2 protein chains.
Amino acid sequence: MSPRAGQTKKRTRIQAINEEKIVEAALEIFATFGFRGTTIDQIAQKAEMSKPNLLYYFRRKEDIYISVLRRTLEEWLTPLTALNPKGDPLEEISKYTALKLEMSRKNPTASRLFANEILHGAPMIEDVLKGSLKQLVDEKAAVIRNWVREGKLAQVDPYHLIFMIWATTQHYADFKVQMRAILGETVDAPDYYEQAGTTISAIFLEGLKPRG
Amino acid sequence: MSPRAGQTKKRTRIQAINEEKIVEAALEIFATFGFRGTTIDQIAQKAEMSKPNLLYYFRRKEDIYISVLRRTLEEWLTPLTALNPKGDPLEEISKYTALKLEMSRKNPTASRLFANEILHGAPMIEDVLKGSLKQLVDEKAAVIRNWVREGKLAQVDPYHLIFMIWATTQHYADFKVQMRAILGETVDAPDYYEQAGTTISAIFLEGLKPRG
DNA sequence: TTATTTCCTGACCATTTGGTCAAGTTACGC
DNA sequence: GCGTAACTTGACCAAATGGTCAGGAAATAA
């Protein structure tokens with residue numbers, strides 16, 4: 001019988017290994033070529049197995065894609081959960097921004113996969129976006145709104161602030177090709193993301209106005 | 001004889017009309033489905049002509065894509081050229097940011113097309129990125145660097161600042177689906193981009209630190 | 001009007017690709 | 001070791017799709 005990946009039946013040893021190999025291979029291919037641009041053969045080759053064998057674990061191309069997406073999305077949201085209402089506002093936001101930037105550095109592929117899906121209208125994960133994502137963001141937006149109310153932050157809209165942090169940090173994964181075209185190999189140097197962090201942090205905290 | 005779109009031969013009246021129709025239709029389809037995800041038939045249908053007829057004007061799918069991309073890219077870069085070295089720094093940057101945000105509002109399709117191309121490694125426009133784009137950005141980065149040196153701006157890296165402005169403003173086109181999932185129809189209300197502009201502007205100028 | 005160039009189309013083709021299947025092979029519980 | 005369930009594969013299929021082509025229709029120059 002076919003194993004029906006995703007369902008929680010007894011997963012055999014080989015099943016666990018192969019599903020992992022497939023999903024890992026698929027992440028990179030999908031992120032590079034998009035859903036339509038990816039062929040099952042490509043994934044199979046990267047995962048070092050035959051196409052029919054891959055299809056034994058995931059009946060449809062779409063199943064692989066969704067599997068990869070959900071895993072990625074979960075990982076992608078984790079940093080926001082760590083935003084602590086009891087912590088120091090500026091410090092919490094700084095930490096969150098740094099964490100997101102670090103993720104763009106360490107796992108740009110995941111960011112690109114996600115960006116690609118959103119860009120094309122998020123047909124496969126609309127429910128997650130309107131569900132757990134919305135819930136989490138609403139919750140954290142309320143936290144930020146409180147901080148503003150208490151005078152611990154400048155008067156800003158919490159949602160737009162969150163979007164701005166996402167945009168800024170994910171840009172370093174999604175648009176790295178453009179950055180490399182402009183800056184050359186600099187973008188691959190070890191201190192590039194450090195500089196980015198410094199600049200981003202400075203602007204978020206102090207703004208562009210010069211201070212005496 | 002085939003008309004060879006893009007070359008400057010005598011373009012007949014009908015040729016001009018149809019090429020325009022094709023490119024316009026293609027922009028939307030490509031932005032939504034990506035290069036591989038788009039079929040010539042889709043474009044032909046949207047442009048209200050038969051597939052062979054479309055292929056009479058553009059011999060290959062790739063030709064249409066490149067044509068659309070170059071036109072978009074050009075339009076996309078224009079605002080940066082307006083950054084005036086003699087103007088007031090904070091005001092110039094504010095104006096630039098507002099202009100980019102306005103473009104995201106008015107022409108999100110173009111932004112998404114461009115984002116998609118970069119995301120997939122910019123295989124078709126690498127030369128433009130490393131050429132005219134780089135040149136323009138280098139030039140404007142020097143302007144910003146001067147402003148910083150003269151103490152008219154806080155100490156920030158000009159390139160990272162430019163990237164941050166791009167990221168923030170384009171996010172409102174590229175990730176609008178995500179925003180809509182979180183905020184609902186709010187994002188389609190007339191004052192949504194106004195709020196965005198206010199928040200972005202506030203943060204870029206003043207930062208998040210509360211002021212007495 | 002007529003000749004010629006441009007424009008347009010239905011029919012067609014080759015390739016790619018998602019997905020199936022029958023039949024073998026391997027792993028594993030007993 | 002043995003039987004069964006899990007795993008693997010080559011061969012195959014149907015649909016989708018990029019692109020061609022011969023010939024007809026329309027525009028336009030003479």
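Throughout, a chain's letter reflects where its sequence line sits, starting with A, and its residues are numbered from 1. Being a predicted model, the structure only gives us computed values, none of them experimental.
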Quiz item: Between D41(A) and K46(A), is the closest basic N to carboxylate O distance under 4.0 Å?
Solution: no

Self-check item: Position toward the 5' end of DNA chain D (nearest nucleotide), R36(B) or I14(A)
Solution: I14(A)

Exercise. Starting from P on dG10(C), measure out to CG on D41(B) and report it in whole angstrom.
Key: 12 Å

Quiz item: With respect to the phosphate group of dT6(C), does any side-chain polar atom (N or O) of Q15(B) fall under 4.0 Å of OP1 or OP2?
Solution: no

Quiz item: Between L54(A) (CG) and dT20(C) (C1'), how many Å, whole number?
Solution: 14 Å

Self-check item: Gap between atoms CZ and C1', on R59(A) and dC21(C) respectively (whole Å)
Solution: 13 Å

Quiz item: For T12(B) and dC7(C), is the shortest distance between a side-chain N/O and OP1 or OP2 below 4.0 Å?
Solution: yes

Practice problem: Rounded to the nearest angstrom, tell me the gap between atom CZ in F58(A) and atom P in dT17(C). | Solution: 21 Å

Practice problem: Determine: side-chain N/O of Y56(B) to OP1/OP2 of dC8(C), distance under 4.0 Å, yes or no. | Solution: no

Self-check item: Contact under 4.0 Å: N18(B) side-chain N or O vs dT6(C) OP1/OP2
Solution: no

Quiz item: Could you give the OH-to-C1' distance, from Y65(B) to dG18(D), as a whole number of Å?
Solution: 17 Å

Exercise. Would you kindly give the CD1-to-P distance between I17(B) and dT6(C), to the nearest whole Å?
Key: 17 Å

Exercise. Taking only Lys NZ, Arg NE, NH1 and NH2, and the carboxylate oxygens of Asp or Glu, determine whether E74(B) and R70(B) approach each other closer than 4.0 Å.
Key: no

Exercise. Test for a donor-acceptor pair under 3.5 Å between the base of dG19(D) and the side chain of K61(B), counting only N and O atoms.
Key: no

Exercise. Could you tell me whether E102(A) and R105(A) have a side-chain N and a carboxylate O separated by less than 4.0 Å?
Key: yes

Quiz item: Using a cut-off of less than 4.0 Å, is there contact between a side-chain N or O of S50(B) and OP1 or OP2 of dT9(C)?
Solution: yes

Quiz item: Counting just side-chain N and O atoms, does Y57(B) come under 4.0 Å of either OP1 or OP2 of dC8(C)?
Solution: yes

Exercise. Measure from the side-chain heavy atoms of P52(A) and tell me the nearest of dA6(D), dG19(C), dA11(D).
Key: dA11(D)

Quiz item: In whole angstrom, what separates K51(A)'s NZ from dC7(D)'s C1'?
Solution: 18 Å

Self-check item: R60(A), nearest nucleotide to its side chain (from dC7(D), dG19(C), dT9(D))
Solution: dG19(C)

Practice problem: Taking only Lys NZ, Arg NE, NH1 and NH2, and the carboxylate oxygens of Asp or Glu, determine whether K176(A) and D188(A) approach each other closer than 4.0 Å. | Solution: yes

Self-check item: Integer-rounded Å distance: dG18(D) P and F33(B) CZ
Solution: 13 Å

Quiz item: Do other residues, nucleotides or ligands put more than 12 heavy atoms under 6.0 Å from the CD atom of Q45(A)?
Solution: no

Quiz item: For the side chain of N53(B), counting heavy atoms from C-beta on, which of dG19(D), dA6(D), dT9(C) is nearest?
Solution: dT9(C)

